[in-house]
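To start, the structure under review is shown below, and the notes come after it.
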Amino acid sequence: MKEGALKWGLRLLGLLLSIGPIIIALGIRGWDVKATVMPSESEIQEVQGIVQNIFGEGFSENTMTVEEPEISDSSIRATVHFNSPIGAPITIMEFSGDIYDGDVKIGEISMEENEVQVPARGTATFHLVGSYSGPAPSRPKTYWTSFVVEVYGLEISIKPPEQGPFPTDGGEHEI
Amino acid sequence: MKYELSINWPGLAAGALMLVLPFAGAWWVGSLGTGAIEIALSPFDMRISAFGTQMSLLLVDLFLLATKITFIIAGVFLVLASAFPRRWWARPLMRFGVMKPFWSVIGLVVTLAVVSIIVNMILPHIISGISGGAAGGLRLSIPFVVGASSSTFTISNATITAPVTFSLTGTFWFAAVTAGVGIVARIYHRRFMEDTEEKKKQR
């Protein structure tokens, strides 16, 4: 009889430890089932705020500025100043583009460095190098074609919506 | 001279290990990227952080706390039952918790396997059905319990590639050893039961 009572006592203990958390959680959340099971609205908004703070408004026309390219022989070299809008350290893995003389593509350009570290909302400078064919361009323009960055170990690859210069205004993705 | 069993030594070892296990850390860790999302999981604790910010669910936290308390109580009972195996209360106390490490190890692996199957095979169909095919740029792939893979998400002209890594920690294997010792303790305890029955018949 003693053993039977002990067995039932242990079963009740197990049951209490299984159901107890549910009752306690419901009590803390005012017996609201949804609030108990789901994260609170304030917690969700906090996470959204943190993500928004990290990624900010995204890239804009002020993100990158390019100095006048240096042309020599059949090569082009340009210096790029990058202002990161991201609230976390990023690594620029790849930056490449096409070189145009007017409306004619004459070559390709890519990042000289293997990778460039940029601190949170910081600035960095890197170089683009490329070669072109034909005579020296009179109106050289470069349009980016691929931009790859790494942030928090996530690789983000961005391509412009259209390749080449825009037919009328010179292209929104001119760099 | 017949050696008289007096203490269930495997049971004592299992009980001691069960008292340590709830404080030994995570059994499994998963990460998306490097610090983007990190999860550390055990039957006693779950830590999720997104971009360096800890997240928690009250109900889950309380369940895990109850599991921790259960393990500690079971460990104490196991130590007592193993130290005094011939007492009338030894068997119920032994049976209360000796298999808990075993079922915890099995439960964790099964849960992770089920989640992997759901994410890899079922979730993409659900998302595709909800979005009407607009989520065609989402390719979900997570490892099966342990390993590495990558998922990609394409939106507009941007593609995000997220490496995913899962691994079992040393604490998991410590739990597996505890489970094994617990099984040995339960089998060994039968000797005391047989021994006690024999003595009752002799009387």
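So you know, we letter chains A, B, ... as the sequences are listed, proteins then strands, and number each from 1. Since we're looking at a predicted model, the values are computed, not measured.
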Can you tell me how far [atom2] of [Y] sits from [atom1] of [X], rounded to the nearest 0.5 angstrom?
X: B:Ile69; Y: A:Leu17; atom1: CD1; atom2: CG; value: 6.5 Å
X: A:Glu150; Y: B:Thr34; atom1: CD; atom2: OG1; value: 6.0 Å
X: B:Phe153; Y: A:Leu154; atom1: CZ; atom2: CG; value: 12.5 Å

Heavy-atom pairs under 4.5 Å with chain A - which of [options] has more of them than the others?
options: B:Leu62, B:Ile37, B:Val60, B:Leu32; answer: B:Leu62
options: B:Leu58, B:Thr53, B:Thr67; answer: B:Leu58
options: B:Phe63, B:Trp88, B:Phe77; answer: B:Trp88

Side chain, backbone, both or neither: which part of [X] has a non-hydrogen atom closer than 4.5 Å to chain B?
X: A:Leu16; result: neither
X: A:Leu6; result: side chain
X: A:Leu26; result: neither

Using a 4.5 Å cut-off on heavy atoms from C-beta on, say whether the side chain of B:Leu93 contacts that of A:Leu10. yes
Closest non-hydrogen atom pair between [X] and [Y], with its separation:
X: A:Gly153; Y: B:Pro163; result: O-CD, 3.2 Å
X: A:Gly14; Y: B:Phe96; result: N-CE1, 4.4 Å
X: A:Pro21; Y: B:Leu59; result: O-CD1, 4.0 Å

Looking at A:Arg11, I want to see if its CZ is surrounded by more than 12 non-hydrogen atoms of other residues, nucleotides or ligands under 6.0 Å. yes
Within a reach of under 6.0 Å around CE of A:Met93, are more than 12 heavy atoms found that belong to other residues, nucleotides or ligands? yes
Contact class of B:Leu57 relative to chain A, heavy atoms under 4.5 angstrom: side chain
